[in-house]
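Scroll down for the structure; my scribbles are underneath it.
No experiment lies behind these values; they were computed from the predicted model shown. Throughout, a chain's letter reflects where its sequence line sits, starting with A, and its residues are numbered from 1.
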Amino acid sequence: MINVKLKDGTSKQYEKGTTVIDIARDISEGLARNICAGLLNGDVVDIRTPILEDCELNILTFDSPEGKRAFRHTASHILAQAVKRLYPQTKLAIGPSTDDGFYYDFDREPFTLDELEEIEKEMKKVVKENIKIERFELPRDEAVKFMEEAGETYKVELINDLPEDAVISFYKQGDFTDLCAGPHLTSTKAVKAFKLTSVAGAYWRGNEKNKMLTRIYGTAFTKSEDLKLYLERIEEAKKRDHRKIGKELGLFTFMDEGPGFPFFLPKGVVLKNTLINFWREIHEKEGYVEISTPMILNRQLWETSGHWGHYKNNMYTTVIDDDDFAIKPMNCPGGLLVYKSTQHSYRDLPVRMGELGVVHRCEKSGQLHGLMRVRCFTQDDAHIFMTPEQIKDEIKGVVRIIDEVYSLFGFKYHVELSTRPEDSMGSDEDWEVATNGLREALDDLGMTYVVNEGDGAFYGPKIDFHLEDCLGRTWQCGTIQLDFQLPLRFNTEYVGADNEKHRPIMIHRVVFGSIERFIGILTEHFAGNFPTWLTPVQAAVLPISEKFHDYAEKVVETLKDSGIRVQADYRAEKIGYKIREARLQRIPYLLVVGEKEAESGEVAVKSRGEDLGAKKLDVFIKEIKEEIDSKAR
RNA sequence: GCCGAUGUGGCUCAAUUGGUAGAGCAGCUGACUUGUAAUCAGCAGGUUGGGGGUUCGAGUCCCUUCAUCGGCUCCA
């Protein structure tokens, strides 16, 4: 007999060799029906796993991330089974679960939408057939032979690349068997609610030098109601697409004449400038100075910085008087030149130099995506030059700024710390000091973070901030990177208390990341309903008829004098029509003025569809100003 | 860059098997002077992304090119 400690803290005795699903069944029938995987001493295991010794066991259902993964992984096998039934010549590649669904890669002509429907039908059949899913293992040579005979060359390659000691397992469901580490459900029956969502190309093993395969994306849930909710959320996200809203609200647009180069329209510029003013405000408060460096600098500079050698493919270059120049893809070399233009004492450090630098990067056409991925963008960059002892405090300062900014907008975000990669420059000691500085700063601030071992830049470790948008997509925005390399390459110095020259450590950091991308994310996050302090037009004055235009003008002037961004609608239209348009423009405050208001010096206030009633104009101004000053959401 | 899809007035979309490019909204003109999400009427607006081809005839079929969309890879 063995002792199994369960999630609720209780322990139960089972015969040695009892499987995870047996234990679930022992606990309750319902649990046995919903089990997707087991968590055995902290490791995710297949539900068929026999328990051989005393352990801690947690039963995972679809409600857990691991359970979802197992469930959807089974869905991906059902997809592959359906494809093999309909198109037996298709070769299988891989088919994992993703954060919100699953996919399977096939070596075959791309599927048409009609074929996708056929596949979905066949999948429904497979589910209905209630096929038992069995697991078995094979020694390496037999596994290879098995897949070779099946003609599955990609699987053979996968097996050959498995580590020496790997257990090579297969999952069989009726006429379909796949190489797979699992875990899986025990029958196809449970996968009741699924949908194939799209077809796309994907490289074998994610390498662009490899063959392009055909990938089918899908998602699966235990209940059709949940699937429906998911699909509705996707629809809602589409409505929030910043490209659509940006156009509707007259914020920005794209033209064929400048692929990847956004055009900001008057209202978009107001939004952008408001964001920039806010940025300046907090950075001034935090002791930053602002610089502005040239857009075009000569080749020698880029060779010194290493960009000419390592980043040239992404740089636009030009020739001036027979010499090579490059349009800057990054601001750091310019910042370094500014630092070096005067001498620095240790007493001056840290030097915090901000720059709203417009950079150009030659991105490949297929990767452009609205404002999220462009060829020209404004980085809210800053470079901090400091002594090693100052690392920790400086990092903390930057993290505070980033947290303040993200929290202001109500963003969720997570933090990742990337450490020294294999191929890197600098001494062990430098890396140690720097990485510890980052780590201690995060620990001191009580931040939780993921550590990506070996994922840092070759010149130093970094902290990345990932925002979550309304689609659940994450965007890397803020980043803090330590750099020993550039100060070295540029022979950067400060004079220490010992009257000797020392090399400062440099931080590169951005908060928004790219103002353009950040505006894209904000647009989707708020679905165009920006907070009043940020929105391009804060109030619209809507006269009931021409008779009240004089009063409306007076209201507009008073609001303008108070610094409120206001517009008026003097067209000969009904009030309902004017309100509709102003609402569609997402203007937060609509001020209807007619006979009553003109007489009493009031405005009838409507905000985001809510009727706030008539208010004295000065009261309204006081209230909206308070809202703006507090930057309320 | 790669795989797939798409491209029709400012916007959103129509147009049997190839057979006269239409509508709504927006715009302009006029009437209405309006009380909380679309007043009515009239007018104007298009070499169907560009180029080439097949055909008596191309928005529709073919080639090519550009852009966009969904992915892959890369990334702020």
Heavy-atom contacts, protein to nucleotides 27-36 of chain B, under 4.0 Å, summarised as B (base), S (sugar-phosphate only) or - (none) per nt, yield S----BBBBB

Per-nucleotide protein contact along nucleotides 1-12 of chain B, 5' to 3', at a 4.0 Å heavy-atom cut-off (B base, S sugar-phosphate only, - neither), is BBBS--------

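A/Glu257 places its CD atom 11 Å from the P atom of B/U68, with the value rounded to the nearest Å. Note: CZ (A/Phe261) to P (B/U68) measures 11 Å, nearest angstrom. Note: CG (A/Leu368) to P (B/G71) measures 14 Å, nearest angstrom. When the C1' atom of B/C72 is taken as reference, atom CZ of A/Arg205 falls 16 Å away, rounded to whole Å. Spacing between atom OH of A/Tyr103 and atom C1' of B/C72 amounts to 10 Å, rounded to whole angstrom units. At whole-Å resolution of the value, NE2 in A/His383 and C1' in B/A76 are 13 Å apart.
A/Phe512 comes within contact range of no nucleotide atom at all, as no heavy-atom separation falls under 4.0 Å. When heavy atoms are screened at a 4.0 angstrom cut-off, A/Val359 is found touching no nucleic acid atom at all. Residue A/Arg583 is in base contact, counting any heavy-atom pair closer than 4.0 Å across all strands shown.
A/Arg361 contributes no side-chain N or O that forms a donor-acceptor pair with the base of B/C75 under 3.5 Å.
For the pair A/Arg108 and A/Tyr87, the cation-pi test (distance below 6.0 Å, angle within 45°) is passed. For A/Arg361 and A/Phe377, the positive end is not near the middle of the six-membered ring at less than 6.0 Å and at most 45° from its axis.
Nucleotides B/C32 and B/U16 have their C1' atoms positioned 44 Å apart, rounded to a whole Å. Look at the C1' atom in both B/A58 and B/C63: the space between them is 15 Å, to the nearest Å. Rounded to whole Å, the P atom of B/U60 lies 14 Å from the corresponding atom of B/U20.
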- Task: Give the C-alpha distance, both sets of side-chain angles, the deciding distance and a yes or no for side-chain contact (heavy atoms from CB on, under 4.5 Å) between A/Val593 and A/Leu542.
- Result: CA-CA 6 Å; A/Val593 293; A/Leu542 312 177; over 6 Å; no

Step-by-step side chain to side chain donor-acceptor pair (under 3.5 Å) determination, A/His508 to A/Asp483: CA-CA 7 Å; A/His508 310 255; A/Asp483 192 342; 2.7 Å; yes

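An aromatic stacking contact between A/Tyr217 and the base of B/G71 is absent, as defined here by ring centres under 5.5 Å apart and ring planes under 30° from parallel.
Side-chain contact of A/Lys328 with A/Thr293: a donor-acceptor pair under 3.5 Å is present, judged by distance alone.
For A/Tyr589 and A/Phe620, the gap between ring centers is short of 6.0 Å. Centroid-to-centroid, the aromatic rings of A/His549 and A/Tyr570 come within less than 6.0 Å. Residues A/Phe409 and A/Phe518 bring their aromatic ring centres within 6.0 Å.
Searching all strands for a Watson-Crick or G-U wobble partner of B/U36 with both distances below 3.5 Å returns nothing.
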